[in-house]
Asks: 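So that we are looking at the same thing, I have put the structure below in structure tokens.
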2 protein chains.
Amino acid sequence: MGKGEATRERILEIAEAAVLAKGFGATSIEEVIAEAGLTKSGFFYHFRDKNALAREMLRRYVETNDRLFDDVFARGRQLSDDPLQAFLISLKLLAEVMADLPNGHPGCLIASICYQERLFDREVRDLTAQSVRGWNARFCKILEGIAAAYPPREAIDLDDLADMLSCVVDGGIIMSKTLNDPRRLERQILLFRNYVKLLFAPAALS
Amino acid sequence: MGKGEATRERILEIAEAAVLAKGFGATSIEEVIAEAGLTKSGFFYHFRDKNALAREMLRRYVETNDRLFDDVFARGRQLSDDPLQAFLISLKLLAEVMADLPNGHPGCLIASICYQERLFDREVRDLTAQSVRGWNARFCKILEGIAAAYPPREAIDLDDLADMLSCVVDGGIIMSKTLNDPRRLERQILLFRNYVKLLFAPAALS
DNA sequence: CCAAGAACTGTACCGGCGGTGCGGATTCGG
DNA sequence: CCGAATCCGCACCGCCGGTACAGTTCTTGG
């Protein structure tokens with residue numbers, strides 16, 4: 001990693017924290033560069049304008065989350081051959097990861113952008129939509145594998161159920177932040193997990 | 001309603017739409033007063049500063065939502081004496097209300113504030129927390145009534161389940177806005193409704 | 001080791017916005 | 001018709017996003 005790339009990464013890290021705490025519009029470039037220890041000229045050397053910063057932040061965020069999901073769901077499959085058990089394990093791991101964050105989850109950048117949509121260009125908005133669609137499709141594929149092995153107790157739309165995981169996480173983050181209680185996010189994920197168990201697990205197992 | 005109060009209401013309405021679309025920090029007073037048709041002096045006659053505007057917006061939003069919940073859950077109880085059935089009816093009504101919004105749900109002001117917390121003073125943040133706590137307590141009370149009549153199929157924390165409704169709504173709003181698909185919010189509420197049904201309804205009823 | 005780019009700094013400037021202050025005008029109810 | 005509520009006009013401050021551009025320091029490949 002060259003020196004320039006390291007600086008870019010530092011700027012993005014600082015900017016992301018600031019944006020999640022105050023919103024994009026209220027995050028001044030000046031405070032970011034002050035914390036990063038460079039000048040305004042230095043900033044504009046790396047990013048053409050504020051929107052370019054947003055694009056890179058988002059790209060970085062999506063990439064990080066993708067890796068997290070890769071990791072969590074791979075470990076689930078690794079610990080059990082049964083698709084349902086693997087998913088339940090993965091959800092527990094996900095809940096643990098969220099619970100282990102020192103100061104609670106810092107916030108979902110997609111949610112932050114969603115509530116400031118008019119500030120961003122089409123490219124950014126398309127990237128948020130595409131990411132969410134990707135995550136939902138990923139969850140849905142897992143659920144289809146489960147449903148094939150375990151007929152669900154009720155006729156449920158698997159797409160909606162896949163959506164629900166994202167919704168519960170985003171909602172859990174908001175509630176955790178608003179009430180200043182990080183554990184609420186973990187509990188919401190576990191509650192969703194219980195829903196999945198209730199839907200698919202045969203009565204004998206529950 | 002005096003003329004001043006009408007102007008205040010107009011300002012709050014315009015400001016809320018702007019804040020939900022661009023965030024609080026990026027919402028300029030100038031554009032609000034331009035749309036409201038008054039001058040900056042007129043604005044500062046009604047609100048001491050931008051934070052006073054935020055406080056009033058939030059107060060208004062919480063009040064509106066409280067009335068909505070009062071209405072929906074009262075109608076549920078009105079249509080069925082059974083606590084579970086009443087709740088299930090109320091959730092369906094809630095989903096319908098959300099689905100009937102012409103351009104989709106405009107956004108949750110509490111979520112918007114949550115993602116810009118550093119911009120607001122303690123009073124505003126306390127009000128958001130208190131409102132969320134109030135709604136959760138309301139849902140929890142209903143669930144306790146249900147659990148007393150129908151022993152839940154699994155040992156579930158009713159507080160968490162009450163939280164889940166708020167989470168699913170907030171998450172559903174974000175997903176609906178991000179994917180530009182208003183129906184997703186409705187479906188998430190109905191999916192939560194199904195969870196409640198699955199948890200409490202005796203096998204004979206399902 | 002040195003040249004060539006990459007990675008910055010310094011300075012000057014513009015326009016927009018939040019916010020303050022205050023005097024004056026208009027409007028409206030009693 | 002009086003006085004209070006409501007709103008306008010105007011001048012001003014400081015911060016911020018963004019532009020422009022010349023100069024400096026650091027890094028790295030040949």
Side-chain angles (χ1 to χ4, degrees), chain A residues 1-58 60 112-113 116-124, chain B residues 1-58 60 112-113 116-124:
Chain A
M1 181 158 72
K3 195 190 174 194
E5 206 172 336
T7 304
R8 279 167 63 92
E9 208 60 28
R10 199 165 75 251
I11 292 174
L12 288 172
E13 205 167 331
I14 293 167
E16 185 176 319
V19 166
L20 288 175
K22 317 192 298 187
F24 186 72
T27 296
S28 72
I29 293 179
E30 304 225 338
E31 63 165 318
V32 171
I33 61 177
E35 201 177 334
L38 75 165
T39 63
K40 204 186 270 193
S41 311
F43 174 87
F44 283 105
Y45 172 77
H46 289 287
F47 303 96
R48 268 182 53 222
D49 53 17
K50 227 183 165 189
N51 237 304
L53 175 68
R55 267 194 298 275
E56 285 306 300
M57 273 178 49
L58 185 54
R60 191 183 114 108
S112 174
I113 290 174
Q116 306 173 44
E117 41 170 359
R118 292 264 181 284
L119 294 183
F120 303 97
D121 52 33
R122 183 165 193 82
E123 194 180 340
V124 170
Chain B
M1 182 159 71
K3 194 187 173 193
E5 204 171 336
T7 304
R8 279 168 62 93
E9 207 61 28
R10 199 166 74 250
I11 292 173
L12 288 171
E13 204 166 332
I14 293 168
E16 186 177 317
V19 166
L20 288 175
K22 316 193 297 185
F24 186 72
T27 296
S28 73
I29 294 180
E30 305 227 338
E31 63 166 319
V32 171
I33 61 178
E35 200 176 335
L38 76 164
T39 64
K40 204 187 268 192
S41 309
F43 175 87
F44 282 105
Y45 170 77
H46 289 287
F47 304 95
R48 267 182 52 222
D49 54 17
K50 225 183 166 191
N51 237 303
L53 174 69
R55 268 195 296 276
E56 286 305 302
M57 272 178 49
L58 184 55
R60 191 184 114 107
S112 174
I113 290 174
Q116 306 174 42
E117 43 171 356
R118 292 263 181 283
L119 294 183
F120 303 97
D121 51 32
R122 183 167 193 81
E123 194 180 340
V124 170

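Everything quoted here is computed from the prediction, not taken from an experiment. Side-chain atoms are counted along with the backbone in the values below, which use heavy atoms only and exclude waters and symmetry mates. Here is the naming used below: chain letters follow the sequence lines, and residue numbers restart at 1 for every chain.
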Asks: If I take atom CZ in residue A/Phe47 and atom P in nucleotide D/dG17, what distance separates them, rounded to the nearest angstrom?
Replies: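 One finds 14 Å between P of D/dG17 and CZ of A/Phe47, rounded.
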Asks: Looking at side-chain heavy atoms only, is the closest gap between A/Arg10 and A/Thr7 below 4.5 Å?
Replies: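 With C-beta onward as the side chain, the pair touches.
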Asks: Would you kindly give the CZ-to-P distance between B/Phe24 and C/dG19, to the nearest whole Å?
Replies: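 The distance from CZ of B/Phe24 to P of C/dG19 comes to 7 Å, rounded to the nearest Å.
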Asks: Any donor-acceptor pair under 3.5 Å linking the side chain of A/Lys22 with the backbone of A/Ser28?
Replies: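 Here the side-chain-to-backbone pair does not exist.
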Asks: With no angle test and no hydrogens, is the base of D/dG9 tied to the side chain of B/Thr39 by a donor-acceptor pair under 3.5 Å?
Replies: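 No such pair is found, so the answer is no.
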Asks: Which part of the nucleic acid, if any, lies within reach of A/Arg8 when heavy atoms closer than 4.0 Å are counted: base, sugar-phosphate only, or nothing?
Replies: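 A/Arg8: no heavy atom of the nucleic acid under 4.0 Å.
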Asks: Does B/Lys40 make a side-chain donor-acceptor contact with the base of C/dG19, cut-off 3.5 Å?
Replies: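 Such a pair exists between side chain and base.
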Asks: Taking only the side-chain nitrogens and oxygens of B/Thr7, find out if one of them lies under 4.0 Å from OP1 or OP2 of D/dC7.
Replies: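 So the side-chain polar atoms of B/Thr7 do come within 4.0 Å of the phosphate oxygens OP1 or OP2 of D/dC7, strictly under.
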Asks: Figure out the CD1/C1' separation between A/Ile11 and C/dA7, and round it to whole Å.
Replies: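 Going from CD1 in A/Ile11 over to C1' in C/dA7 covers 11 Å.
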Asks: Within this structure, what is the CZ-to-P distance between A/Phe43 and D/dC16, rounded to whole angstrom?
Replies: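 Whole-Å distance recorded here is 14 Å.
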Asks: Any side-chain N or O of A/His46 less than 4.0 Å from the OP1 or OP2 oxygen of C/dC8?
Replies: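 It does, given that an N or O in the side chain of A/His46 lies less than 4.0 Å from OP1 or OP2 of C/dC8.
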Asks: Base, sugar-phosphate or nothing for B/Ser28? Non-hydrogen atoms, less than 4.0 Å.
Replies: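 Sugar-phosphate: the residue B/Ser28, judged by heavy atoms under 4.0 Å, touches backbone atoms but no base.
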Asks: Using atom CG of A/Leu53 as one end and atom C1' of D/dG17 as the other, report the distance to the nearest whole Å.
Replies: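 Computing the A/Leu53:CG to D/dG17:C1' distance gives 12 Å.
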Asks: Would you give the length of the straight line joining atom CD1 of A/Ile29 to atom CG of A/Leu53, rounded to the nearest 0.5 angstrom?
Replies: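 Spacing of CD1 (A/Ile29) from CG (A/Leu53) equals 7.0 Å.
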Asks: More 5' along DNA chain D: A/Arg48 or B/Ser41, using each one's nearest nucleotide?
Replies: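 So the residue in question is B/Ser41.
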Asks: Does the cation-pi check pass for B/Arg55 over B/Phe120, that is, NZ or CZ under 6.0 Å from the six-membered ring centre and within 45° of its axis?
Replies: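 The answer is no; the distance or angle limit is not met.
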Asks: For A/Glu30 and for A/Phe44, find the nucleotide of DNA chain D with the closest heavy atom, then tell me which residue's nucleotide is more 5'.
Replies: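 Its nucleotide being nearer the 5' end, the pick is A/Glu30.
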Asks: Quick one: are B/Ile33 and B/Phe44 in side-chain contact, heavy atoms under 4.5 Å?
Replies: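 They are not in contact (no side-chain heavy atoms under 4.5 Å apart), so the answer is no.
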Asks: Within this structure, what is the NZ-to-P distance between B/Lys50 and C/dG19, rounded to whole angstrom?
Replies: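 Atom-to-atom, B/Lys50 to C/dG19, this comes out as 6 Å.
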Asks: Would you say D/dT6 has OP1 or OP2 under 4.0 Å from some side-chain N or O of B/Tyr45?
Replies: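 Checking B/Tyr45 against D/dT6: at least one side-chain N or O falls below 4.0 Å of OP1 or OP2.
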Asks: When the distance from CD of A/Glu31 to P of D/dG17 is rounded to whole Å, what number comes out?
Replies: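 In whole Å, D/dG17 P and A/Glu31 CD are 8 Å from each other.
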